[in-house]
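These numbers come from the heavy atoms of this one structure, side chains and all, not from hydrogens, waters or symmetry mates.
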Amino acid sequence: MERTRIAVAGASGLIGSALVRSLTADGHEVVRLVRHAPRSEAEVRWDPERGRVDAAGLAGCSAVVNLAGAGVGDHRWTDAYKRRIHDSRVHGTAALAKAVAALDERPRVFVNGSAMGYYGETGERVVDESAPAGRGFLPELCVEWEAAADPARAAGVRTAFTRTGLVVARGGGAWGRLFPLFRAGLGGRMGDGRQYWSYIALHDEVAALRHLLDRDDLSGPFNLTAPEPLTNREITAAMGRVLHRPTLFPVPAPVLRTVLGEMAGDVLGSARVVPKRLLESGFTFAFPGIEDALRAA
C-alpha cells in the first residue's frame with residue numbers, strides 16, 4: 001500500500017492503537033478522531049454518541065477505519081450502559097458513513113468494526129460469514145451497526161466489516177483481565193468449559209485490517225478469528241501450559257451470572273466462528289494456534 005492519509009476512529013483502544021503504530025511505522029499519515037478540541041492537524045473532532053463529525057478533517061483521506069465503541073466488557077450491562085454501547089457504535093458509524101459519502105473526493109475504502117457477536121450462540125455448529133445473525137442484544141446490535149455504514153456503501157465507497165473475535169493481547173480486552181488471574185494461579189475454566197471461544201492474536205488482527213485496507217477487491221463482512229476455534233476448557237489448559245501455572249479454580253456459571261448479569265451469557269455462550277472469507281482472500285495467520293497467540297501476547 002502506497003503511503004497515504006488514513007483516518008482512524010477508536011485510535012486509543014486496544015486494536016486502534018496497535019493499528020496506528022503499524023500504519024505510522026510504514027510512513028502513513030494517520031488522522032485520529034477525538035472527542036476533545038483538536039490539538040494538531042493530526043486530530044479531527046467528533047462526538048459518536050450524538051452522531052457528529054467534522055467532515056472537513058477527513059478531506060484527503062484515502063481510507064477511514066472505524067474501531068470506536070464503548071467497551072462491551074467494561075461494565076455490567078445495565079440498561080443505561082447497553083444504550084451507551086449501542087449509541088457509540090451505531091450513531092458513530094452513521095455519522096462517519098454520512099461524512100464519507102458527502103466528501104467531494106471520497107476515500108477508496110471504509111473499514112468498519114463489527115464483532116463475532118453477530119452470530120450469537122452457535123453451540124458446536126461452525127459458522128462463517130454466510131451464516132445469519134443470531135438473536136439477542138449483541139447480534140441485534142451488530143446488524144444495526146453494520147447497516148449504519150450504508151451511506152458510504154451507497155456512495156460507492158468500498159466498505160468492509162470486521163467481525164472480530166476475542167483478541168489475545170496483554171494490554172486489554174478479555175485477555176488483559178485473564179492474564180493476571182492465571183499468573184496468580186487463580187485461573188480456571190468458565191462454566192462447564194465446553195463453550196467455543198473464537199480468538200485472534202493482536203498481531204493477526206492488525207495484519208488482517210491492513211489486508212482489508214490494501215486489497216481493492218475485498219468488501220462486505222470478514223470474520224477476524226483464528227482458523228480453529230477452541231473450547232474454553234482447551235484454552236484454559238493452554239493458558240496453564242504457557243504460563244506454567246495451575247488452572248484449578250473454575251468459575252461456576254451461577255457465579256458468573258451473579259457478577260456479570262446479562263453479559264455472562266456471552267462468556268458462557270459458544271461461538272465457533274471461522275474466517276472463511278479471509279482465508280479465501282489469501283491472508284496468512286502468523287499466530288493461528290492458541291499457544292503461539294498466547295506467547296506472542
Side-chain angles (χ1 to χ4, degrees), residues 1-34 42-44 46 48 53 55 57-69 89 92-93 95-101 103 105-116 129 145-146 148-165 167 169 200-226 275-287:
M1 185 179 181
E2 63 181 17
R3 294 180 180 180
T4 57
R5 177 179 167 92
I6 300 171
V8 179
S12 62
L14 172 66
I15 299 170
S17 59
L19 175 64
V20 168
R21 287 194 299 271
S22 174
L23 291 170
T24 54
D26 285 344
H28 296 286
E29 179 188 354
V30 176
V31 177
R32 298 168 174 81
L33 275 76
V34 297
E43 294 183 343
V44 173
W46 82 321
V53 58
L58 302 179
C61 289
S62 67
V64 175
V65 182
N66 179 25
L67 302 172
R89 286 165 171 76
T93 296
L96 273 176
K98 291 174 183 176
V100 162
L103 291 172
E105 184 177 346
R106 302 183 185 103
R108 58 181 184 78
V109 58
F110 180 37
V111 176
N112 197 69
S114 187
M116 70 174 183
E129 292 87 351
W145 189 4
E146 293 182 12
D150 280 347
R153 187 165 40 188
V157 178
R158 178 172 66 88
T159 304
F161 304 100
T162 56
R163 295 176 181 168
T164 295
V167 179
I200 184 170
L202 179 58
H203 177 281
D204 286 330
E205 172 78 13
V206 171
L209 286 165
R210 297 287 304 267
H211 183 71
L212 295 175
L213 287 172
D214 292 349
R215 287 279 298 272
D216 290 333
D217 59 330
L218 300 181
S219 62
F222 289 85
N223 294 335
L224 269 55
T225 59
K276 181 181 179 183
R277 295 194 67 215
L278 195 61
L279 291 171
E280 288 177 345
S281 72
F283 181 79
T284 301
F285 285 83
F287 305 103

Problem - Shortest non-hydrogen contact from A201 toward F287 - result: CB-CB, 3.9 Å
Handout entry: Polar side-chain atom of E129 near backbone of N223 as donor-acceptor pair, under 3.5 Å
Key = yes
Handout entry: Flag, side chain of R32 to backbone of E43, donor-acceptor distance under 3.5 Å
Key = no
Problem - Nearest heavy atoms of A59 and R5, plus distance in Å - result: O-NE, 3.3 Å
Problem - Heavy-atom closest contact (R21 atom, T24 atom, distance) - result: O-OG1, 3.2 Å
Exercise for the section: Calculate, to the nearest 0.5 Å, the distance between atoms CD and OG belonging to E29 and S62 respectively. Expected result: 10.0 Å
Practice task
Would you mind reporting whether E146 and T93 have side-chain heavy atoms less than 4.5 Å apart?
Solution key: no
Exercise for the section: Could you check if a side-chain atom of L278 sits within less than 4.5 angstrom of a side-chain atom of T225, using non-hydrogen atoms only? Expected result: no
Exercise for the section: Might you point out which heavy atoms bring V53 and A95 nearest each other, and give the distance in Å? Expected result: CG1-O, 3.6 Å
Practice task
Rounded to the nearest 0.5 Å, what's the gap from CG on D204 to NE2 on H211? Could you check?
Solution key: 12.0 Å
Practice task
Report the residue from I15, V30, I6 that forms a side-chain contact (heavy atoms from CB on, under 4.5 Å) with V20.
Solution key: V30
Practice task
List the steps, then state whether side chain to side chain contact (heavy atoms under 4.5 Å, CB included) holds for N112 with F161.
Solution key: CA-CA 5 Å; N112 197 69; F161 304 100; 4.0 Å; yes
Problem - Partner of V111 under side-chain contact (heavy atoms from CB on, under 4.5 Å), chosen from V8, N66, L209 - result: L209
Practice task
State, with a plain yes or no, whether a side-chain heavy atom of T164 is found less than 4.5 Å away from one of L67.
Solution key: no
Handout entry: Within-4.5 Å side-chain heavy-atom neighbours: F285 and P275
Key = yes
Problem - Least distance between heavy atoms, A101 atom then P151 atom - result: CB-O, 3.5 Å
Practice task
Supply the atom-to-atom distance K98 NZ to D150 CG, rounded to the nearest 0.5 angstrom.
Solution key: 11.0 Å
Handout entry: Straight-line distance of T159 OG1 to L212 CG, nearest 0.5 Å
Key = 11.5 Å
Practice task
Look only at the side chain of R153 and the backbone of G220, and say whether a donor-acceptor pair between them is shorter than 3.5 Å.
Solution key: no
Exercise for the section: Provide the closest heavy-atom pair for A115 versus W145 in the form atom of the first, atom of the second, distance. Expected result: N-CZ3, 4.1 Å
Practice task
Could you tell me whether the side chain of R108 and the main chain of R158 form a donor-acceptor pair under 3.5 Å?
Solution key: no
Problem - Crowding at NE2, H203 (>12 non-hydrogen neighbours, <6.0 Å) - result: no
Handout entry: No-hydrogen, no-angle side-chain donor-acceptor test under 3.5 Å, R210 and S22
Key = yes
Problem - Side chain proximity check, L58 to V31, heavy atoms < 4.5 angstrom - result: no
